[in-house]
2 protein chains.
Amino acid sequence: MSTPAKRNTWQREAVREALGHNDGFVSAQALHAVLREGGSPIGLATVYRALADLATADEADSLQSPDGENLFRACTSSGHHHHLICRSCGLTVEIEAHAVEAWAQDVAAEHGFTAAQHVVDVFGLCAACTKLAAH
Amino acid sequence: MSTPAKRNTWQREAVREALGHNDGFVSAQALHAVLREGGSPIGLATVYRALADLATADEADSLQSPDGENLFRACTSSGHHHHLICRSCGLTVEIEAHAVEAWAQDVAAEHGFTAAQHVVDVFGLCAACTKLAAH
DNA sequence: ACTCATATTGACAATCATTATCAATAAGCC
DNA sequence: GGCTTATTGATAATGATTGTCAATATGAGT
C-alpha cells in the first residue's frame with residue numbers, strides 16, 4: 001500500500017518519447033495532437049496524467065506560459081537551470097544563471113526570508129521569428 | 001480615435017481602492033467577492049476589465065499563481081520591479097533587480113532573441129513564518 | 001442645466017485548459 | 001491461463017477568463 005505499484009504502458013512511453021523528440025516546451029494539448037497525428041489513439045486525459053507523472057519524477061520540466069498554459073519539456077540534466085524561450089515557435093535554450101542564483105539568495109536573506117526558491121524564465125522572440133515578424 | 005477617451009466611473013475607483021487596501025496579491029475573483037461584500041453591486045467582468053486596465057497603466061502588478069490564477073497587487077513604485085513573496089503568509093516585498101534586468105537582456109541578445117520579457121519572482125518563508133516553522 | 005454621442009457596464013454565454021468520473025481494459029504476478 | 005487492480009479514455013464537470021450586446025451613465029458641447 002505504501003508502494004502503489006506503477007505499471008508500464010505504451011502510452012506512458014509514447015509521451016516520454018514525444019517529449020524527448022521535441023526541442024522546446026510543449027503544451028499538453030499540443031503533445032496530444034502530435035501523438036494523435038502520429039497514429040497513437042492516446043487519450044487527452046492520459047497525456048495530462050503522463051506529463052504530471054514525468055514532472056513529479058523530475059524527468060520533465062514544467063512552467064507556465066504567459067497565457068496561463070502549462071508547458072512541458074524533457075529534462076535530462078537534473079541540475080538546476082533556467083530557460084530562454086521563444087514565445088512564438090517555442091524554441092528553448094537552457095541558460096545558466098549563477099549570478100541570479102546568488103542574487104536571489106542575497107535578496108531573500110536581506111529581508112529575513114529563508115528557504116528561498118525562485119522562478120526565473122526569459123521569454124522573447126528568437127532570431128528566426130523576429131525576422132518573420134518584421135518582414 | 002487615437003485617444004479612446006477614458007471615463008471615470010465609481011467602479012474603476014472601487015477596484016483601485018480595494019487593491020490599495022490589500023497588502024498581498026489578490027485574484028480578480030477574490031477582489032470581486034470583497035467588493036460585493038462591501039456593498040458594491042459591481043459586476044465580475046468589470047473587475048476583470050478594471051484590473052487589466054490598471055495593469056496596463058502600470059498601476060498594478062500582475063503575476064500567475066502556481067495554480068494558474070492571475071493575481072494582482074497595488075503597485076507603489078511605477079517602475080519595473082519584482083517580488084519577494086512569503087509562500088506561507090503571502091507577505092510581499094517589492095525588490096529591484098537591476099543586475100537581473102541587465103542579465104536577462106544580455107542572455108536574450110546573446111542568443112539572438114528580441115523583445116525579451118522575463119519572469120523573476122522569489123518565493124520563501126518570511127522571518128515570522130520561519131520562526132513558526134522552526135521548532 | 002439639458003442633450004447627445006459613445007464609453008462603459010453587467011448578466012450571461014462562450015472558451016479554453018485542466019481535472020474528475022467511472023466502466024472497460026490490460027499489466028504484472030501467481 | 002487466471003486474477004487483482006492500476007490504468008486508460010470518452011465525456012462531463014470545473015473554474016478562470018473573455019466575448020456579447022442591450023441598457024446605462026459619463027463628459028463634452030450648447
Side-chain angles (χ1 to χ4, degrees), chain A residues 1-19 22 24-57 59-73 85 87 90, chain B residues 1-19 24-57 59-73:
Chain A
M1 191 166 272
S2 52
T3 307
K6 273 274 168 67
R7 290 178 185 176
N8 295 329
T9 63
W10 64 265
Q11 287 96 333
R12 200 118 20 152
E13 276 308 314
V15 170
R16 195 198 312 264
E17 198 180 71
L19 250 198
N22 206 302
F25 278 86
V26 210
S27 70
Q29 305 274 350
L31 201 63
H32 176 239
V34 170
L35 285 166
R36 287 306 261 276
E37 281 173 22
S40 295
I42 192 171
L44 176 58
T46 304
V47 175
Y48 273 98
R49 280 185 291 240
L51 285 174
D53 285 350
L54 288 174
T56 301
E59 290 190 60
D61 249 359
S62 67
L63 63 80
Q64 293 178 45
S65 79
D67 304 332
E69 248 182 317
N70 265 332
L71 304 183
F72 296 86
R73 180 170 193 269
I85 307 149
R87 80 171 74 91
Chain B
M1 194 165 276
S2 52
T3 307
K6 272 276 167 65
R7 292 179 185 178
N8 295 328
T9 63
W10 63 266
Q11 288 96 332
R12 200 123 15 157
E13 276 306 315
V15 169
R16 195 199 308 266
E17 198 180 70
L19 251 199
F25 279 88
V26 211
S27 70
Q29 305 273 350
L31 202 62
H32 177 239
V34 169
L35 285 166
R36 288 308 262 275
E37 282 174 20
S40 293
I42 193 172
L44 177 58
T46 303
V47 174
Y48 274 98
R49 281 185 290 238
L51 285 174
D53 285 351
L54 288 174
T56 301
E59 289 191 58
D61 246 359
S62 66
L63 63 78
Q64 293 178 47
S65 78
D67 305 333
E69 248 182 320
N70 266 333
L71 303 184
F72 296 86
R73 180 171 191 270

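Throughout, a chain's letter reflects where its sequence line sits, starting with A, and its residues are numbered from 1. Hydrogens, waters and symmetry mates play no part in the numbers below; they use all other heavy atoms, side chains included.
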Pairs under 3.5 Å (N/O, protein and nucleotides 12-15 of chain C):
none

Between the protein and nucleotides 25-28 of chain D, are there any N/O to N/O pairs under 3.5 Å, and if so, what are the atom names and distances?
{"from": "D:dT26", "atom 1": "O2", "to": "B:Arg7", "atom 2": "NE", "distance (Å)": "3.4"}
{"from": "D:dT26", "atom 1": "O2", "to": "B:Arg7", "atom 2": "NH1", "distance (Å)": "2.7"}
{"from": "D:dT26", "atom 1": "O2", "to": "B:Arg7", "atom 2": "NH2", "distance (Å)": "3.2"}
{"from": "D:dG27", "atom 1": "OP1", "to": "B:Asn8", "atom 2": "N", "distance (Å)": "3.0"}
{"from": "D:dG27", "atom 1": "OP1", "to": "B:Asn8", "atom 2": "O", "distance (Å)": "3.4"}

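Under 4.0 angstrom from either OP1 or OP2 of D:dG9 there lies at least one side-chain N or O belonging to A:Gln11. Here A:Gln64 does not reach the OP1 or OP2 of C:dA17: none of its side-chain N or O atoms lies under 4.0 Å away.
What you find for B:Leu35 and B:Ala18 is that their closest heavy atoms are CD2-CB, 3.9 Å.
Under the 3.5 Å distance criterion, the side-chain polar atoms of B:Glu69 are left unmatched by any main-chain donor or acceptor of B:Ala28.
Side-chain contact check for A:Leu71 versus A:Ile85: every heavy-atom pair is 4.5 Å or farther apart.
By the ring pair (Phe, Tyr, Trp, His ring centres under 6.0 Å) test, A:Tyr48 is found to be paired with no residue, residues two or more places apart in sequence or in another chain being considered. Every residue meeting the salt bridge (charged side-chain N to carboxylate O under 4.0 Å, His left out) condition with A:Glu13, not counting sequence neighbours, appears here in chain and number order: A:Arg16. With sequence neighbours left out, the side-chain contact (heavy atoms from CB on, under 4.5 Å) criterion links B:Arg36 to B:His32, B:Ile42. Partners of A:Asn22 by side-chain contact (heavy atoms from CB on, under 4.5 Å), not counting sequence neighbours, listed by chain and number: A:Val26. B:Ser62 is linked by a side-chain contact (heavy atoms from CB on, under 4.5 Å) to B:Phe72, counting only residues two or more places apart in sequence or in another chain. For A:Phe25, the ring pair (Phe, Tyr, Trp, His ring centres under 6.0 Å) partners at least two apart in sequence or on another chain are A:His83.
Contacts of residues 31-38 of chain B with DNA chain C (heavy atom under 4.0 Å): none. Within residues 46-56 of chain B, the residues approached by DNA chain C to less than 4.0 Å at the level of any non-hydrogen atom are B:Thr46, B:Arg49, in residue-number order.
D:dT8 atom C1' lies 16 Å from atom CD of A:Glu13, rounded to whole Å. Rounded to whole Å, atom P of D:dA16 lies 10 Å from atom CG of B:Asp67. Atom CZ of A:Arg12 is separated from atom P of C:dA26 by 16 Å (rounded to the nearest Å).
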Show me the side-chain donor-acceptor pairs of residues 49-56 of chain B shorter than 3.5 Å, one per line, residues at least two apart or across chains.
{"from": "B:Asp53", "atom 1": "OD2", "to": "B:Arg12", "atom 2": "NH1", "distance (Å)": "3.0"}
{"from": "B:Thr56", "atom 1": "OG1", "to": "B:Ala52", "atom 2": "O", "distance (Å)": "2.8"}

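Of the inter-residue distances, the one linking B:Leu31 atom CG with B:Arg73 atom CZ reads 13.5 Å to the nearest 0.5 angstrom. Within the model, atoms CD of A:Gln64 and CG of A:Asn70 stand 5.5 Å from one another, a figure rounded to the nearest 0.5 Å.
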Item to check | From CA spacing to verdict: side-chain contact (heavy atoms from CB on, under 4.5 Å), B:Leu44, B:Gln29 | outcome: CA-CA 7 Å; B:Leu44 177 58; B:Gln29 305 273 350; 4.1 Å; yes
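Across the helix from C:dA1-D:dT30 to C:dC30-D:dG1, the helix axis at one end is tilted relative to the axis at the other end by 30° (nearest 10 degrees, each axis from five pairs).
If you check every strand for non-hydrogen atoms under 4.0 Å, B:Glu69 touches sugar and phosphate atoms only.
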